[in-house]
Amino acid sequence: MNSIPDMYTLFSENFNLDYTLDCGQVFRWDLIDGWWTGVVNGHVARLQQDKGSGEVLVDCSLPKCFFENYFRFDDDLDSILQEVNKDKFMNEAINKYMGLRLIRQDPWECLISYMLATAWSIPNIKRAISMMCRNYGDEIEDGYYSFPEPHALVHACDDDLRACKLGFRGGRVIKAARHVEDGNLVLDDIFQVDYEEAKQRLMFLEGIGEKVADCILLFAFEKMEAFPVDTHVEKVVKTVYGHHEYFNGNATKSKIGNWGRMYFGRYCGYAQQYFFYQKRLEGI
DNA sequence: ATGAGC
DNA sequence: TCATC
């Protein structure tokens with residue numbers, strides 16, 4: 001018995017689905033037979049972009065407005081990129097990867113995902129999250145699992161999570177779930193407070209340092225001024241901008257974060273993601 | 001700390 | 001040994 005597919009199209013000026021889903025900000029999407037397939041908001045989704053028209057064909061029971069919000073179609077990407085286009089190097093990244101948009105991720109899923117990301121490369125993170133969802137999420141379609149809610153992870157024991165090969169990260173996930181479940185950390189409140197205060201609240205959790213906090217703040221909490229400095233961004237900035245007076249010959253990670261905010265301005269988070277993607281694909 | 005790759 | 005969104 002065939003069910004009627006929920007198909008519709010999605011469109012925004014200046015949107016590249018491949019760059020957006022491949023750039024390393026999300027871990028639940030895979031390109032399968034030409035369709036980006038993933039689980040979002042408890043639903044399986046399959047997306048394919050027409051290279052000519054730019055229209056995205058969507059096969060998912062979530063409404064169009066969900067994806068318009070998810071892909072931040074409310075961001076005027078042209079003016080944002082214009083604003084962060086400060087020099088020749090940035091201009092090159094922008095021109096190459098034009099259409100890469102930040103994604104508005106679910107706060108809880110984003111928090112746990114980046115907690116798991118510590119000292120792992122993207123393929124490892126994807127594998128671990130997928131295993132965790134298989135063991136603690138709900139099966140929503142054959143072989144596809146939702147991201148586990150806090151209560152499901154609170155009741156996980158260390159050994160079970162070790163079976164997901166989370167290593168030292170397992171205990172941190174359980175503790176974070178408990179903080180959220182107990183109301184010590186109210187994720188919705190993070191939206192209300194400013195960047196610095198939000199960062200402090202996240203860094204209160206074990207396993208969340210400055211870089212992880214910045215990723216979560218940028219990808220889930222609307223803090224565009226977050227400028228996550230990982231190994232890639234660190235190398236790029238040191239190589240390309242290391243001579244700037246600002247660094248005084250000493251470009252630490254924390255200084256790089258502050259520099260990014262100052263140099264690129266309020267949309268530095270976008271600039272950072274273009275750098276990150278370019279560095280991953282092309283090296284330096 | 002751990003996995004990929006040499 | 002190297003790299004780790």
Side-chain angles (χ1 to χ4, degrees), chain A residues 16-31 36 38-40 70-72 93 97 100-133 147 158-159 161-176 198-199 202-203 205-239 253-254 256-257 260 264 268-284:
Chain A
N16 184 304
L17 184 68
D18 290 339
Y19 297 159
T20 299
L21 292 180
D22 183 54
C23 74
Q25 57 182 327
V26 279
F27 307 106
R28 294 274 275 154
W29 290 94
D30 290 299
L31 193 54
W36 280 105
V39 178
V40 272
Y70 184 72
F71 290 124
R72 303 191 67 101
Y97 303 107
L100 188 170
R101 282 174 179 269
L102 292 178
I103 286 176
R104 196 173 268 122
Q105 300 189 35
D106 173 75
W108 167 247
E109 175 170 339
C110 187
L111 172 79
I112 296 301
S113 298
Y114 280 89
M115 183 173 268
L116 292 178
T118 303
W120 261 345
S121 58
I122 292 166
N124 285 323
I125 299 162
K126 291 178 76 167
R127 202 175 308 139
I129 291 175
S130 137
M131 206 176 289
M132 200 182 70
C133 293
F147 195 89
D158 242 1
D159 288 349
L161 280 171
R162 211 159 289 144
C164 296
K165 300 190 175 180
L166 302 189
F168 62 92
R169 303 162 192 80
R172 298 172 171 185
V173 169
I174 296 173
K175 284 177 192 165
K199 197 166 178 175
L202 291 181
M203 286 174 67
L205 295 175
E206 183 187 333
I208 299 195
E210 207 176 353
K211 181 259 177 178
V212 170
D214 273 330
C215 285
I216 300 166
L217 292 170
L218 178 62
F219 300 140
F221 288 106
E222 305 285 322
K223 308 300 189 212
M224 287 294 127
E225 64 268 57
F227 192 85
V229 184
D230 76 310
T231 169
H232 296 300
V233 171
E234 184 182 18
K235 274 174 197 157
V236 169
V237 173
K238 276 183 174 170
T239 308
K253 281 199 176 196
S254 189
I256 291 173
F264 293 110
C268 64
Y270 260 101
Q272 179 274 157
Q273 201 57 30
Y274 275 74
F275 275 0
F276 178 82
Y277 193 39
Q278 172 167 259
K279 167 64 172 61
R280 265 186 59 228
L281 291 187
E282 305 175 20
I284 194 158

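By convention in this document, chain letters (A, B, ...) are assigned in the order of the sequence lines, proteins followed by strands, and residues within each chain are numbered from 1.
Among the heavy atoms of the strands lying under 4.0 Å from A/Phe27 are primed sugar atoms or P, OP1, OP2 only; no base atom is included. When heavy atoms are screened at a 4.0 angstrom cut-off, A/Phe168 is found touching the sugar-phosphate backbone but no base atom. Within 4.0 Å of A/Asp230, counting heavy atoms only, lies at least one base atom of the nucleic acid.
Rounding to whole angstrom units, CH2 of residue A/Trp120 and C1' of B/dA1 are separated by 10 Å. Taking atom CG on A/Asn124 and atom C1' on B/dA4, their separation rounds to 8 Å, with Å as the unit. Summarising the geometry, the separation between NZ on A/Lys279 and C1' on C/dA3 is reported as 10 Å, rounded to the nearest angstrom. For the pair A/Arg280 CZ and B/dA4 C1', the interatomic distance rounds to 15 Å; values are reported in whole Å. Residue A/Ile122 contributes atom CD1, which lies 16 Å from atom P of C/dA3 at whole-angstrom precision. Regarding A/Arg169, its CZ atom lies at a distance of 7 Å from the C1' atom of B/dA1, rounded to whole Å. One can place CG of A/Leu116 at 17 Å from P of B/dA1, the figure rounded to the nearest angstrom. The distance from atom CE of A/Met131 to atom P of B/dG3 is 10 Å, rounded to the nearest whole Å.
At a threshold of 4.5 Å between non-hydrogen side-chain atoms, the residues A/Arg28 and A/Ser113 do not count as touching.
Residue A/Lys126 places no side-chain N or O under 4.0 Å from the OP1 or OP2 atom of B/dG3. Close to C/dA3, at under 4.0 Å from its OP1 or OP2, lies no side-chain N or O of A/Thr231. Within the 4.0 Å cut-off from OP1 or OP2 of C/dT4, not a single side-chain nitrogen or oxygen of A/Arg127 is found. When the side-chain nitrogen and oxygen atoms of A/His232 are compared with OP1 and OP2 of C/dA3, none of them lie within a distance under 4.0 Å.
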Take A/Phe275 and A/Phe264 through the ring-ring contact (aromatic ring centres under 6.0 Å, His included) test and state the conclusion after the steps.
CA-CA 12 Å; A/Phe275 275 0; A/Phe264 293 110; 5.7 Å; yes
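Between A/Tyr97 and A/Tyr277, the ring centre distance stays below 6.0 Å.
No donor-acceptor contact under 3.5 angstrom links the side chains of A/Asp22 and A/Trp29, judged on distance only.
Under a 4.0 Å N-O distance rule, the pair A/Glu222/A/Arg72 qualifies as a salt bridge.
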